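These notes are about the structure you will find just below.
Only a predicted model underlies this, so the values are computations on that prediction, with no experimental measurement involved.
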Amino acid sequence: MNRPERPVLVVIAHGSRDPRHAATVHALVRRVRAQRPGLRVETGFLDFNIPSVQGVLNSLAAEGVREVVALPLLLTRAFHAKSDIPAVLRQAPSRLRIRQAEVLGPSPLLTAALERRLYEAGLTPADKSRAGVVLASAGSTDPEAIAVIAEIAREWRHTGWCAVRPAFASASLPRTEDAVRELRALGCERVAVAPYVLAPGFLPDRIARGAAGADVLADVLGPAPEVARLLLDRYDEARMPSLAAVGA
């Protein structure tokens, strides 16, 4: 008996004029493919880069693909996840059965990836009790997204760090540099900035500038193995029959 064909995973990235953004997204997708050989994974961009999400979906439909899991490469449920992506998916060919996966965050796997990046940048587990961390995100006007970042910072603090403070590159306060100064004032011996972003670009560069007064600046999450694993977890969750499909 032939096994049913697995849905194609379509990773939906925001896109950027900064070429580092698309390069990092493609590196992450390559890691996803390596973790699950045989799963077809495609990448589409909402803006600036090609292929577009619409173009990928049209091509898949033309090939005869019937089922797709559309996975937003986003860390919080803000405007893009709630509005932009569903609008794009509604324009897909009617023959496609599309399930929209949940955004990546929050997840313990992302916290593990953040710590991986901090240790790669020079911290060690032994530094935890004397190091303060700025959880620096891109920012959002969506109150739900801001609340999620604040909650991640609170929970992460309980894993042994001296302190963890959220910061935002746009739309919300405090800024990264303000959070760095606050951690200094609290008496943390070392201050580290952990960018809670997936790929380089304009706002991650702003985070980096705000980290000038810190001792450690970690890299973006990018193709960390924990992030690749999380994409596959969200893909598997979206395949559950209880989740509603978009489209046919």
Next on the checklist: I'd like to know whether CZ of Arg40 has more than 12 heavy-atom contacts from other residues, nucleotides or ligands below 6.0 angstrom.
Outcome noted: yes

Item to check | From OG (Ser140) to CD1 (Ile149), nearest 0.5 Å | outcome: 9.0 Å

Next on the checklist: So does Val56 get a backbone contact from the side chain of Glu42, meaning a donor-acceptor N/O pair under 3.5 Å?
Outcome noted: no

Checklist entry - When you measure from the side chain of Arg234 to the backbone N and O of Leu104, does any donor-acceptor pair fall under 3.5 Å? => result yes

Next on the checklist: Which heavy atom of Tyr235 sits nearest to which heavy atom of Leu71, and what is that distance?
Outcome noted: N-CD1, 4.0 Å

Next on the checklist: Please determine whether a side-chain nitrogen of the Lys or Arg among Arg116 and Asp219 lies less than 4.0 Å from a carboxylate oxygen of the Asp or Glu.
Outcome noted: no

Item to check | Residue Leu173 excluded, over 12 heavy atoms near CG under 6.0 Å | outcome: yes

Checklist outcome for this item: Closest non-hydrogen atoms of Val191 and Ala214, given as atom of the first, atom of the second and distance, are O-CB, 3.5 Å

Checklist entry - Salt bridge check: are Asp178 and Arg181 linked by an N-O gap of less than 4.0 Å? => result yes

Next on the checklist: Can you tell whether the side chains of Asp142 and Lys82 come within less than 4.0 Å, N to carboxylate O?
Outcome noted: yes

Checklist outcome for this item: To the nearest 0.5 Å, atom CZ of Arg31 lies from atom CD of Gln35 at 7.0 Å

Next on the checklist: Between Arg175 (side chain only) and Ser172 (backbone N and O only), is there a donor and an acceptor less than 3.5 Å apart?
Outcome noted: yes

Next on the checklist: Whether Arg17 and Asp47 form a salt bridge (side-chain N of Lys/Arg under 4.0 Å from carboxylate O of Asp/Glu) is what I want to check.
Outcome noted: no

Checklist entry - Around atom CZ of Arg229, are there more than 12 heavy atoms of other residues, nucleotides or ligands at under 6.0 Å? => result no

Checklist entry - Quick one: does Pro72's side chain get under 4.5 Å of Gln100's, heavy atoms only? => result yes

Checklist entry - Do the ring planes of Phe48 and His14 sit parallel (below 30°), tilted (30 to 60°) or perpendicular (above 60°)? => result tilted

Checklist entry - Side chains of Glu115 and Trp161: is there a donor and an acceptor less than 3.5 Å apart? => result yes

Checklist entry - Hey, any chance Leu73 and Leu60 share a hydrophobic cluster, counting ILVMFWY side chains that come within less than 4.5 Å of each other, even indirectly? => result no

Checklist entry - If you measure from the Lys or Arg side-chain nitrogens to the Asp or Glu carboxylate oxygens, is any gap between Arg36 and Asp236 under 4.0 Å? => result yes

Checklist entry - Can you name the closest pair of heavy atoms from Tyr119 and Thr124 and give their distance? => result CE2-C, 3.6 Å

Next on the checklist: Given Phe45, which partner from the list Ile12, Val11, Val25, Ile50 fulfils the side chain to side chain contact (heavy atoms under 4.5 Å, CB included) test?
Outcome noted: Val25

